[in-house]
*Asks:* 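Below are the structure tokens for one structure; questions will follow.
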Amino acid sequence: MVVKDELIKFGLHPKNIELGEVEVEEDLNDENKNQLNIILQSFGFELIDDKKSRLIEKVKNSIVDLVHYSEEQINTTFSEYISRKLHHDYNYLSNLFSEVEGTTIEKYFIAQKIEKVKELLKYDELSLSEIADRLGYSSVAYLSNQFKKQTGLTPSFYKSLKQIKRRGLEDL
């Protein structure tokens, strides 16, 4: 809603607005893009104009949606899921992501899952077994090992901490 309102205030006519992507009727020159970028940054958004960067954002948004906002259990491999969702070969996506982000898609996916585990541990509504099942881990032991590799702490110790610090999704 914020993005749509700001685009309209800027004199643009949005055709389509989805998570991480906006299509407008007008063509923008470089000066207008810079002005719009400044406005969007004041709200924590960023204007991304090249195809590769947009594709990387789509990869990130797909992973964030899957891990944080979807109850969907993928019944294929993660690579097949991403490939089908974005209509690109996974090897291409993986190489592009690594080149631009300096990390792999898999590591980004794991980081998102660990942040979700932290969130679920904080709320203390599910057992570790239920969390493992919800996030598609094959076992509690596998989740615990991955959690310890990422955080240096066991899930149980993390849960016992009084002041739990989590990173923002955009900082991963």
*Asks:* Atom CG in L7, atom NZ in K15: separation rounded to 0.5 Å?
*Replies:*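 Answer rounded to 0.5 Å: 13.5 Å.
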*Asks:* Below 4.5 Å, heavy atoms only, C-beta onward: do L12 and N32 meet side chain to side chain?
*Replies:*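 They are not in contact (no side-chain heavy atoms under 4.5 Å apart), so the answer is no.
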*Asks:* D27: what forms a side-chain hydrogen bond (donor to acceptor under 3.5 Å, both in side chains) with it, not counting sequence neighbours?
*Replies:* none
*Asks:* Name all residues meeting the ring-ring contact (aromatic ring centres under 6.0 Å, His included) criterion together with Y90; count only those two or more places apart in sequence or in a different chain, and write none if there are none.
*Replies:*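 Per chain and number, Y90 pairs via ring-ring contact (aromatic ring centres under 6.0 Å, His included) with no residue.
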*Asks:* Distance from Y69 atom OH to N61 atom CG, nearest 0.5 Å?
*Replies:* 10.0 Å
*Asks:* Do I131 and F147 come close enough that some side-chain heavy atom pair is under 4.5 Å?
*Replies:*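 No - every pair of side-chain heavy atoms lies 4.5 Å or more apart.
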*Asks:* Within the structure provided, determine whether K9 and I39 are in side-chain contact (heavy-atom separation under 4.5 Å).
*Replies:*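 A side-chain contact under 4.5 Å is absent here.
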*Asks:* Any side-chain heavy atom of K118 within less than 4.5 Å of one from K122?
*Replies:*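 Not in contact.
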*Asks:* Do F43 and E6 have side chains that approach each other closer than 4.5 Å (heavy atoms only, starting at C-beta)?
*Replies:* yes
*Asks:* Any side-chain heavy atom of F97 within less than 4.5 Å of one from I82?
*Replies:* no
*Asks:* Could you measure the distance from the CE atom of M1 to the NZ atom of K4? Nearest 0.5 Å is fine.
*Replies:* 7.0 Å
*Asks:* Would you sort out whether L96 and V59 count as a side-chain contact (heavy atoms from CB on, under 4.5 Å), showing the intermediate values?
*Replies:* CA-CA 10 Å; L96 180 63; V59 170; over 6 Å; no
*Asks:* D133 side chain to S129 main-chain N or O, any donor-acceptor pair under 3.5 Å?
*Replies:*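 It does not hold such a pair.
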*Asks:* Is any NZ, NE, NH1 or NH2 atom of the basic residue among R54 and E57 found under 4.0 Å from an Asp or Glu carboxylate oxygen of the other?
*Replies:*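 No, no charged N to carboxylate O under 4.0 Å.
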*Asks:* If I compare all heavy atoms of E125 with all of E130, which pair ends up nearest, and what's the gap?
*Replies:* O-OE1, 4.3 Å
*Asks:* Looking at every heavy atom in both V67 and F109, which two are closest together, and how far apart are they?
*Replies:* CG2-CE1, 3.6 Å
*Asks:* Do P14 and I8 make a side-chain contact, defined as non-hydrogen atoms from C-beta onward lying under 4.5 Å apart?
*Replies:* yes
*Asks:* To the nearest 0.5 angstrom, please state how far the CZ atom of R134 sits from the CG atom of L143.
*Replies:*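 With rounding to 0.5 Å, CZ (R134) is 13.0 Å from CG (L143).
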*Asks:* Would you say the side-chain atoms of E26 pair up with the backbone N or O of H13, donor to acceptor, closer than 3.5 Å?
*Replies:*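 Here the side-chain-to-backbone pair exists.
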*Asks:* To the closest 0.5 Å, what do you measure between CD1 (I110) and NZ (K149)?
*Replies:* 8.0 Å
*Asks:* May I have the step-by-step check of side-chain contact (heavy atoms from CB on, under 4.5 Å) for Y158 and I114, ending in yes or no?
*Replies:* CA-CA 12 Å; Y158 181 85; I114 295 304; over 6 Å; no
*Asks:* Test side chain to side chain donor-acceptor pair (under 3.5 Å) on S79 and T77 and set out the steps.
*Replies:* CA-CA 5 Å; S79 57; T77 64; 3.2 Å; yes
*Asks:* Please report the shortest heavy-atom distance between S139 and A132, naming the atom on each side.
*Replies:*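 Looking at all heavy atoms of both residues, the shortest contact is O-CB, 4.1 Å.
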*Asks:* After noting the C-alpha distance and the side-chain angles of Y108 and V64, does the key distance pass the side-chain contact (heavy atoms from CB on, under 4.5 Å) rule?
*Replies:* CA-CA 10 Å; Y108 184 80; V64 168; 3.8 Å; yes
*Asks:* Nearest 0.5 Å please: distance from the CD atom of Q146 over to the CG atom of L135.
*Replies:* 10.0 Å
*Asks:* Treating S83 as the side-chain partner and E80 as the backbone partner, does any N or O pair qualify as donor plus acceptor under 3.5 Å?
*Replies:* no
*Asks:* Holding to salt bridge (charged side-chain N to carboxylate O under 4.0 Å, His left out), I want the full list of residues that pass it with K113, two or more places apart in sequence or in another chain.
*Replies:*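 K113 satisfies salt bridge (charged side-chain N to carboxylate O under 4.0 Å, His left out) with no other residue.
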*Asks:* Please test K52 against I56 for side-chain contact (heavy atoms from CB on, under 4.5 Å), starting from the C-alpha separation and ending with a verdict.
*Replies:* CA-CA 6 Å; K52 287 183 179 181; I56 296 301; 5.5 Å; no
*Asks:* Going by heavy atoms in the side chains, are R84 and T76 under 4.5 Å from each other?
*Replies:*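 Answer yes - side chains close enough.
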*Asks:* Are F45 and I38 connected, step by step, through hydrophobic side chains (Ile, Leu, Val, Met, Phe, Trp, Tyr) whose heavy atoms are closer than 4.5 Å?
*Replies:* no
